[in-house]
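Excluded from the calculations below are hydrogen atoms, water molecules and symmetry mates; all remaining heavy atoms, backbone and side chain alike, are included. Chain letters run A, B, ... following the sequence lines, proteins first, then strands; residues in each count from 1.
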There are 2 protein chains.
Amino acid sequence: MDFSQGVPEPTLRRLPTYCHFLRRLAQDGADVVSCRQIGDALHLDPTQIRKDLAYAGMAGRPKVGYPVPELLAGVENFLGWNNTQQAILVGAGSLGTALLGYKAMDRNGVRIVAAFDTSPDKTFQAIHQVKVLPMRKLVDLVGRMQIHVGILTVPAESAQTVCDLMVQAGIRAIWNFAPVALKVPDTVIVQNENLFSSLAVLSSRLQSTFQPRTLPEEDPS
Amino acid sequence: MDFSQGVPEPTLRRLPTYCHFLRRLAQDGADVVSCRQIGDALHLDPTQIRKDLAYAGMAGRPKVGYPVPELLAGVENFLGWNNTQQAILVGAGSLGTALLGYKAMDRNGVRIVAAFDTSPDKTFQAIHQVKVLPMRKLVDLVGRMQIHVGILTVPAESAQTVCDLMVQAGIRAIWNFAPVALKVPDTVIVQNENLFSSLAVLSSRLQSTFQPRTLPEEDPS
DNA sequence: TTTTTCTCGATAAAAATTTCTCGATTGGCA
DNA sequence: TGCCAATCGAGAAATTTTTATCGAGAAAAA
């Protein structure tokens, strides 16, 4: 397996799906699982799954498959989900609030320890048991608690400003929900998440079922 | 340009980003824009942008670029954002609530006209001006209002059941936030959105900056 | 024990996507 | 007018990702 280029992003994106499925399998008490089974359940090609798992360093046994507990632990470990990263969230709007409410976050490698917002209505309140603090506390808290992950759920206009603040505070990785290309030093990782990208794929596909985009064979002019 | 295979998904995912940028340009009163400019702003390759725009059927002029208003209108039209689809949302949890609060949804081709939830605490309330109804009203409302888009923000356990209900009601496209591979007839479009996929890429990358995954050159045993 | 069947692992082929190259077109400027 | 610089558009090349093929290993069945 070629690791020189790092693990492909599509592989990384599929691994959490496997985790979720494996957790359920483990709960049901399954000992082993084959790529075929995973593929059937997840509508994916077994070969691809085998390759993804190989990237994560997992090996199986012919005719048997992979031992479920080891596989789950291995993939979670590979994704860094066993030593949970502490994170801060900036922007306690509706999306920010939703993320604060996600209990599952803990089991997915990230724990939000504090939120920040500019609105005085929100600061010093708690949302889903997480305290919301004013922005001026950010740099100090991040530095003191050695936090590496920042979640950015502010409007597009303020995204770069907040991003700069995060970088200044020592944040190493930013999960960015603002539809903006952030400028950061190349020591900082930015992972963009744009919900509307996904929605665009949907509505574009839906539209083309109504009026298929056909290319004229010959120009009939 | 080859349309026989349809528009590539990566292209579709980038188009909304262009829209967002173009809207700001249009507000600032820019007449024309070149791929270079867009690329600089969005950290993308100009050639790729040119190709994406060509897929959307847009043409520019050498030395000048693309006229901003036409380009914006053209891309929005291509994405089906000018004739907004009505949608229902099922699962008024924290994520569902966040989506209901997204004012921007309207400008992105989808308007949520009703929400559904099993919890009696939530039904017949309104969240962000959208009424929450009990599940039993779903089939009738979808049929009566000729709604084609369903947004699925329920827990994994109930996702397939709700999905079946949507399909039965006549939904043609499902935006699925549950980490489950839904089974649907192949006339129905499913667009999966898994926030944790994105988070996994982030945490995996972050982890490898701490302890790079190196492949041993030679086995030193 | 031998055969059959299933699954992994590695390699190769195919497909999709991104990046590069180059000629053509257009506006600005001397 | 004629040259220069910028940009598009199309095709080629390179890269990445997915899918297919095949041999080997291991359990189950004969």
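- Regarding B:Leu12, its CG atom lies at a distance of 13 Å from the C1' atom of C:dT17, rounded to whole Å.
- One can place CE of B:Met58 at 16 Å from C1' of D:dT7, the figure rounded to the nearest angstrom.
- Taking atom CG of residue B:Asp52 and atom P of nucleotide D:dC8, one finds them 13 Å apart after rounding to whole Å.
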Point to revise | Stepwise side-chain contact (heavy atoms from CB on, under 4.5 Å) check, A:Arg172 with A:Thr187 | key: CA-CA 7 Å; A:Arg172 307 266 285 266; A:Thr187 50; over 6 Å; no
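- When all heavy atoms of A:Val130 and A:Ala115 are compared, the closest pair comes out as CG1-N, 3.8 Å.
- Look at CD1 on A:Ile49: it is 15 Å from C1' on C:dG9, rounded to the nearest Å.
- Remark: P of C:dC6 and CG of A:Asp40 are 13 Å apart, rounded to the nearest angstrom.
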Study note, to complete from the structure: Once base and sugar-phosphate atoms are separated, protein heavy atoms under 4.0 Å mark nucleotides 23-30 of chain C, 5' to 3', with B, S and - as --BBB---
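- Between the C1' atom of D:dT17 and the NZ atom of A:Lys51 lies a distance of 9 Å, rounded to the nearest Å.
- Here C:dA10 presents its P atom at 12 Å from OH of A:Tyr55, a figure rounded to the nearest Å.
- Checked by atom type and distance alone, the side chain of A:Thr11 never pairs as donor or acceptor with a backbone atom of A:Val7 at under 3.5 Å.
- Regarding A:Glu9, its CD atom lies at a distance of 16 Å from the C1' atom of D:dT18, rounded to whole Å.
- Positionally, the nearest nucleotide of DNA chain D for B:Ala59 lies more toward the 5' end than for the other of A:Arg50 and B:Ala59.
- Side-chain contact, B:Gln168 with B:Asp164: no donor N or O sits under 3.5 Å from an acceptor N or O.
- Residue-level contact check: A:Arg13 touches neither bases nor backbone, having no heavy atom under 4.0 Å from any strand.
- Nearest heavy atoms, A:Arg50 versus A:Tyr66: CG-OH, 3.4 Å.
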Review point. For B:Leu165 and B:Met135, what are the C-alpha separation, side-chain angles and deciding distance, and is it a side-chain contact (heavy atoms from CB on, under 4.5 Å)?
Key: CA-CA 9 Å; B:Leu165 196 66; B:Met135 298 297 290; 3.8 Å; yes
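- Among C:dT18, C:dC20, C:dA10, the nucleotide with an atom closest to any side-chain atom of B:Thr47 is C:dC20.
- The closest donor-acceptor contact from the side chain of B:Ser197 to the backbone of A:Arg13 lies under 3.5 Å.
- Neither OP1 nor OP2 of D:dA5 sits under 4.0 Å from any side-chain N or O of B:Arg36.
- Distances were taken from every side-chain heavy atom of B:Tyr66 (C-beta onward) to each of D:dA12, D:dC8, C:dA12; the shortest belongs to D:dC8.
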